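No hydrogens, no waters, no symmetry mates; every other heavy atom, side chains included, goes into these values. Please read these numbers as outputs of a predicted model, since none were measured by experiment. Counting starts at 1 for both ligands and their atoms, following the listed order.
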Amino acid sequence: MPPYTITYFPVQGRCKAMRILLADMGQQWKEKVVTMDDWTQGDLKASCAFGQLPKFEDGDLALYQSNAILRYLGRQHGAYGSNNKEAALIDMLMDGVEDLRLKYVKLIYEEYDTGKEQYLKELPSHLSKFDAVLQANKTGFLVGDKVSIADYSLFDVMLSHSVLSGCSCKGDKCPGMKAFMEKMSSRPKIKEYLESDAYKKVPLNGNGKQ
Ligand code: GTS
């Protein structure tokens with residue numbers, strides 16, 4: 001039995017980064033897929049700390065909040081920096097990615113038809129901030145010289161933008177970001193995972209928009 005279990009809806013959503021991390025770290029995990037019928041009719045929602053998924057289990061530990069899960073896995077698999085200062089920078093970048101993720105989620109679920117133009121206008125400015133960090137660090141990663149949870153999180157959000165319809169700015173005009181995407185995509189276990197049905201057959205978002 002794999003040590004980890006992810007319980008979530010049949011989408012990539014907020015589990016994409018943790019799945020990519022687990023694949024990259026050579027870990028096995030079990031997926032429990034929850035349909036909307038199960039969710040609305042069963043008692044799972046009431047049992048979740050904040051009434052939401054994903055739920056992540058490691059033995060008798062049950063965790064909620066996708067970024068807390070990433071942080072746990074980062075600590076467990078050496079992807080949370082080499083010292084306290086790097087960990088603090090990783091936290092800062094995780095929060096920066098979360099700000100962008102929330103904008104993306106709002107676009108997809110609330111403003112797909114009405115807010116796309118404005119979103120796309122503002123996107124290059126958001127991406128340029130991450131590009132500047134990558135260019136300044138010079139290792140191809142956001143912080144330090146090895147992969148961290150901030151990298152998995154940014155990679156996840158950028159993969160979503162790389163297929164966002166109408167989006168011509170996919171980070172490819174930012175040299176740091178371009179090199180980052182190539183570096184992350186070509187890590188052998190990530191490449192293998194992204195080419196697998198386990199990844200390709202699961203829709204990005206719950207409403208089918210991307
Ligand atoms: N901050 C939480 C996290 O990062 O895990 C947000 C979790 C969340 O919003 N979960 C949604 C949910 O459970 C699903 S999704 O947005 O991640 O796809 N929705 C069902 C409900 O009843 O709230």
Ligand-residue contact atoms, ligand 1 with P54, heavy atoms, under 4.0 Å: 5 (O)
Candidate with minimal heavy-atom separation from atom 15 (S) of ligand 1, of F9, F56, Y8, W39: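 Residue with the shortest heavy-atom distance to the ligand atom: Y8.
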Aromatic ring pairing F155/F180, orientation class (parallel under 30°, perpendicular over 60°, tilted between): perpendicular
Atom 23 (O) of ligand 1 touched by protein heavy atom at under 4.0 Å: yes
Atom pair OG/CG of S148 and L21 - distance to nearest 0.5 Å: 9.5 Å
Could you find the nearest protein heavy atom to [atom] and give me its residue, atom name and distance?
| atom | answer |
| --- | --- |
| atom 21 (C) of ligand 1 | K45 NZ, 3.4 Å |
| atom 6 (C) of ligand 1 | Q52 OE1, 3.6 Å |
| atom 5 (O) of ligand 1 | S66 N, 2.9 Å |
| atom 2 (C) of ligand 1 | Q65 OE1, 3.1 Å |
| atom 10 (N) of ligand 1 | L53 O, 2.7 Å |

K129 vs H126 side-chain heavy atoms within contact, under 4.5 Å: no
N or O contact, R14 vs ligand 1, cut-off under 3.5 Å: yes
salt_bridge(D156, R101) N-O dist < 4.0 Å: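 Yes, this pair counts.
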Shortest non-hydrogen contact between R19 and V11, atoms and distance: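 Here R19 and V11 meet closest at NH1-O, 3.2 Å.
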K201 to Y199 six-membered ring, cation-pi geometry met (6.0 Å, 45°):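 Checked: cation-pi criterion not met.
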Step-by-step salt bridge (charged side-chain N to carboxylate O under 4.0 Å, His left out) determination, K106 to E111: CA-CA 6 Å; K106 188 169 182 205; E111 299 179 345; 3.7 Å; yes
